[in-house]
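As the structure is a computational prediction, the values presented were derived from the model and not from experiment.
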Amino acid sequence: MFQTNPPQDPKKVLPTMYDLKSEDPEEPGLPDKYHLLQARFLEDTFCPPNYPTDHIFVASDLNLYYNPRQTNWYKRPDWFAVVGVDRLYEQRDLRMSYVVWQEEVNPFVVVELISPGTEKEDLGQTLREANQPPTKWEVYERILRVPYYIVFNGRTNQLRAFQLMGSRYTELDVSEPRVWMDDIQLGLGLWQGFYGECDRTWLRWYDAQSNWILTPSERERQGVERERRRVERLVEQLRSLGVEPDFDVEV
């Protein structure tokens, strides 16, 4: 791409998500059931309190296009979140991919769930061959400058976290294991419990009081339980006044 004077609007002269490939069935490393459930759990509990819900975009296994000079180059993170961008593309459409030169906002956090075939690249231990696209690590650290990069091994439950400090990622101490991200007032940690279809260790978001963020179904059950306790208190009050409640009466 040649620079013009004045510069041309990339939204008008570069490919948009409608022009770029959104999926490749033959691509290796497509998500298994665990990857799908873990990504959904991250989405269910990602609720930054300092951003409105319509200015938060999260995605899993979605093409992330990052280079306006090589418009066919992309990475496909297991999960990532962008804050300060409209949830819908141009406030009207579901995204088929995330194109940074169109969106003009880079991801804030990327999560990679280690697979046997991707571990070395996920951890920045592979070298780029000549004339090949940069590695995931290079894209997240040097090109997109993603503030937080999380790598989780679901087989060993090992969590590794990297924060962008200056021009390079610095590995954080996650011996607890939790990672607080002050800019979004959320933290990411390991939680043991039942989600989806099994009881295991999951990555889950927590708030400033160290409380785990509830999923929509958990919030619904919590609301039902509160209503049940409210009705029980009401029944006790009525009976203390000598009134026996009749819940079978139709109004």
Side-chain angles (χ1 to χ4, degrees), residues 7-20 22 38-69 71 73-112 136-151 161-170 172 178-189 203-209 211-216:
Q8 293 180 297
D9 185 351
K11 293 186 177 181
K12 296 179 179 178
V13 299
L14 290 174
T16 71
M17 75 170 187
Y18 300 111
D19 307 312
L20 296 166
S22 61
Q38 176 62 89
R40 192 177 76 190
F41 199 13
L42 289 170
E43 179 175 357
D44 279 350
T45 57
F46 187 75
C47 305
N50 52 345
Y51 284 91
T53 56
D54 59 353
H55 278 72
I56 299 168
F57 174 70
V58 300
S60 59
D61 197 43
L62 188 78
N63 286 3
L64 172 60
Y65 288 91
Y66 57 87
N67 190 337
R69 291 181 174 82
T71 56
W73 286 3
Y74 65 89
K75 296 302 176 187
R76 201 175 176 94
D78 288 321
W79 189 89
F80 68 96
V82 190
V83 293
V85 70
D86 287 319
R87 180 180 290 272
L88 296 176
Y89 179 71
E90 296 186 337
Q91 301 182 335
R92 61 181 171 82
D93 202 357
L94 297 173
R95 286 179 177 85
M96 298 182 292
S97 57
Y98 192 86
V99 185
V100 296
W101 58 81
Q102 299 288 321
E103 305 285 357
E104 300 180 332
V105 183
N106 291 349
F108 178 81
V109 56
V110 168
V111 177
E112 292 288 1
K136 289 180 184 178
W137 187 279
E138 291 174 310
V139 171
Y140 303 155
E141 179 189 58
R142 302 177 190 177
I143 299 176
L144 295 179
R145 297 184 58 76
V146 178
Y148 289 91
Y149 177 41
I150 309 298
V151 179
F162 304 86
Q163 182 179 2
L164 191 67
M165 296 185 181
S167 60
R168 293 289 183 267
Y169 276 137
T170 298
L172 303 176
R178 290 189 169 201
V179 183
W180 178 251
M181 304 177 192
D182 198 57
D183 288 351
I184 57 172
Q185 290 296 291
L186 281 181
L188 188 61
L203 279 175
R204 183 173 187 165
W205 295 97
Y206 63 91
D207 64 18
Q209 289 72 47
N211 298 315
W212 298 110
I213 304 296
L214 299 180
T215 66

**Report entry** Salt bridge Asp54-Arg87, side-chain N to carboxylate O under 4.0 Å
**Finding:** no
Query raised in the report: ring-ring contact (aromatic ring centres under 6.0 Å, His included) with Trp137: which residues, sequence neighbours excluded?
Result: Tyr149, Phe162, Tyr169
Report summary line: By side-chain contact (heavy atoms from CB on, under 4.5 Å), Asp86 pairs with (sequence neighbours left out) His55, Gln91
Requested in this report: Flag the pair Gln163 / Thr170 as yes when at least one side-chain heavy-atom distance between them is below 4.5 Å, and no otherwise.
Outcome: no
Throw together a table of side-chain donor-acceptor distances under 3.5 angstrom for residues 41-50, partners on residues two or more places apart or in other chains.
unit_1, atom_1, unit_2, atom_2, d
Asp44, OD2, Tyr195, OH, 2.8
Thr45, OG1, Phe41, O, 2.9
Asn50, ND2, Asp183, O, 2.8

Requested in this report: For Lys136, check salt bridge (Lys or Arg N to Asp or Glu O under 4.0 Å) against everything at least two apart and list the hits.
Outcome: Glu112, Asp122
Report task. Kindly write out the residues that satisfy side chain to side chain donor-acceptor pair (under 3.5 Å) with Trp212, not counting sequence neighbours, or none if the list is empty. Result -> none
Report summary line: With Pro68 as partner, the option from Val99, Val13, Leu14 fulfilling side-chain contact (heavy atoms from CB on, under 4.5 Å) is Leu14
Requested in this report: List for me each residue that meets side-chain contact (heavy atoms from CB on, under 4.5 Å) alongside Ala39, sequence neighbours excluded, and say none if there are none.
Outcome: Ser60, Trp79
Query raised in the report: Does Val100 offer a backbone N or O that forms a donor-acceptor pair with the side chain of Glu103 under 3.5 Å?
Result: no
Query - Side-chain heavy atoms of Ile150 within contact of Met181, under 4.5 Å - result: yes
Query raised in the report: Does some side-chain heavy atom of Leu172 sit less than 4.5 Å from a side-chain heavy atom of Met165?
Result: yes
Query raised in the report: Any side-chain heavy atom of Val85 within less than 4.5 Å of one from Tyr51?
Result: no
Query - Residues forming a ring-ring contact (aromatic ring centres under 6.0 Å, His included) with Phe108, sequence neighbours excluded - result: Tyr148
Query raised in the report: With sequence neighbours excluded, what pairs up with Arg168 under the salt bridge (Lys or Arg N to Asp or Glu O under 4.0 Å) test?
Result: none
Requested in this report: Please examine the side chains of Phe57 and Tyr89, heavy atoms only from C-beta on, and report whether any two atoms are closer than 4.5 Å.
Outcome: no
Requested in this report: Output all residues satisfying ring-ring contact (aromatic ring centres under 6.0 Å, His included) with Tyr66, sequence neighbours left out; order by chain, then residue number.
Outcome: none
**Report entry** Test side-chain contact (heavy atoms from CB on, under 4.5 Å) applied to Leu94 and Leu88, step by step
**Finding:** CA-CA 6 Å; Leu94 297 173; Leu88 296 176; 3.8 Å; yes
Report summary line: In short, Leu62 meets Tyr98 closest at the heavy-atom pair CD2-N, 3.9 Å
Query raised in the report: What residues form a side-chain contact (heavy atoms from CB on, under 4.5 Å) with Gln209, not counting sequence neighbours?
Result: Asp207, Asn211
**Report entry** Rounded distance [0.5 Å steps], OG1 in Thr16 versus OH in Tyr65
**Finding:** 10.5 Å
Query raised in the report: Considering only heavy atoms from C-beta outward, does the side chain of Ile143 approach that of Asn67 to under 4.5 Å?
Result: no
Query raised in the report: Looking at side-chain heavy atoms only, is the closest gap between Arg145 and Ser167 below 4.5 Å?
Result: yes
Query raised in the report: What residues, two or more places apart in sequence or in another chain, satisfy side-chain contact (heavy atoms from CB on, under 4.5 Å) together with Leu214?
Result: Arg204, Glu218, Arg219, Gln222
Query raised in the report: Taking the side chain as C-beta and beyond, is there a heavy-atom pair between Leu64 and Tyr74 under 4.5 Å?
Result: no
**Report entry** Spacing of CH2 belonging to Trp180 relative to CG belonging to Leu188, to within rounding of 0.5 Å
**Finding:** 11.5 Å
